[in-house]
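Atoms within a ligand are numbered from 1 in the order they appear, just like the ligands themselves.
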Amino acid sequence: MEVILADYLGFCYGVKRAIKIARENASEDGTSCTLGPIIHNPQMVERLKAEGVGTVDRLEELPEGTIIIRSHGVGPEVYQEAEERGLKVVDATCPHVKKAQLSAKELVDEGYNVVIIGEKQHPEVKSIFEWSGRKARVLETEAEAKELDSCAKLGIVCQTTFSGAKFRQIAMHLLEKSRDVRILRTICTATDQRQAAAIDLAQQVDLMLVIGGKNSANTTRLAQLCNEYCLTYHIETAAELRDEWFDKIEKIGITAGASTPDWIIKEVYKKCQNRA
Ligand code: F3S
């Protein structure tokens, strides 16, 4: 049995950067916390907690200390509220997300009706929406794009981790909605690279293992894409591997979401190799 790793997998630049920033601001007395889990990976969140970086869901849960903004980013009002509460703000927003946030704001300031193409419930999309002054429309499907009213000026930004192919399909409908359409393709290359490498590998193997948090949008998307080409399992850790999955399997492909730590990928890889 052959085990092949995707050419691009695991932590992206923005996640590595956010974790580094969080570690640099760890404190032993529990007063250093991220606002929401730093990444959508429960194992990494636990590890950071042990190193002195906790998690709060709301600013009021941290009476004093340092609040770390995670890579998904937050709206401008959160920075203001944290300062009013006397908290030190450490901003680990991924620069690509920052670009999408500021692009939405700029488009609104220039008089564009702004559309965010992305998942409505994703924290990053919510943060971009806040930066648009809550004026943007969030569209997730082609059907929603078709229903959009025409307008004089239409500006489009995208969730950084959205599927490139789906973005193009939705944007095609939006091109018909205005004579002045400005598209800022704010999808980051890490997502495109991981998706392309996963699809490429899924076409060469009998089974794909996609590793990452079940609550991670980009990992779930990788699993959906791989599933179109071969048998695919989405797992969080090596403990979920089942013997029966490997019956009659000759080639296994492994990929992992942008929020999956290296040590978990290595564990899965080793366990698969031991069967080979
Ligand atoms: Fe940033 Fe792209 Fe990662 S937006 S957090 S580098 S997936």
So, Gln43 and Thr237: side-chain donor and acceptor under 3.5 Å apart, yes or no?
no
Without swapping roles, check the side chain of His40 against the backbone of Asn215 for a donor-acceptor pair under 3.5 Å.
yes
Give the minimum heavy-atom separation between Ala152 and Asp180, together with the two atoms involved.
O-CB, 3.4 Å
Less than 2.8 Å away from atom 2 (Fe) of ligand 1, how many protein N/O/S atoms can be counted, ignoring water?
1
Does any donor atom in the side chain of Tyr79 or Glu83 lie under 3.5 Å from an acceptor atom in the other side chain?
no
Under 4.5 Å between side-chain heavy atoms, counting indirect links through other Ile/Leu/Val/Met/Phe/Trp/Tyr residues: same cluster for Leu231 and Trp245 or not?
yes
Does the pair Ser163 and Gln195 meet the rule for a side-chain hydrogen bond (donor to acceptor under 3.5 Å, both in side chains), with working shown?
CA-CA 8 Å; Ser163 142; Gln195 289 180 356; 4.6 Å; no
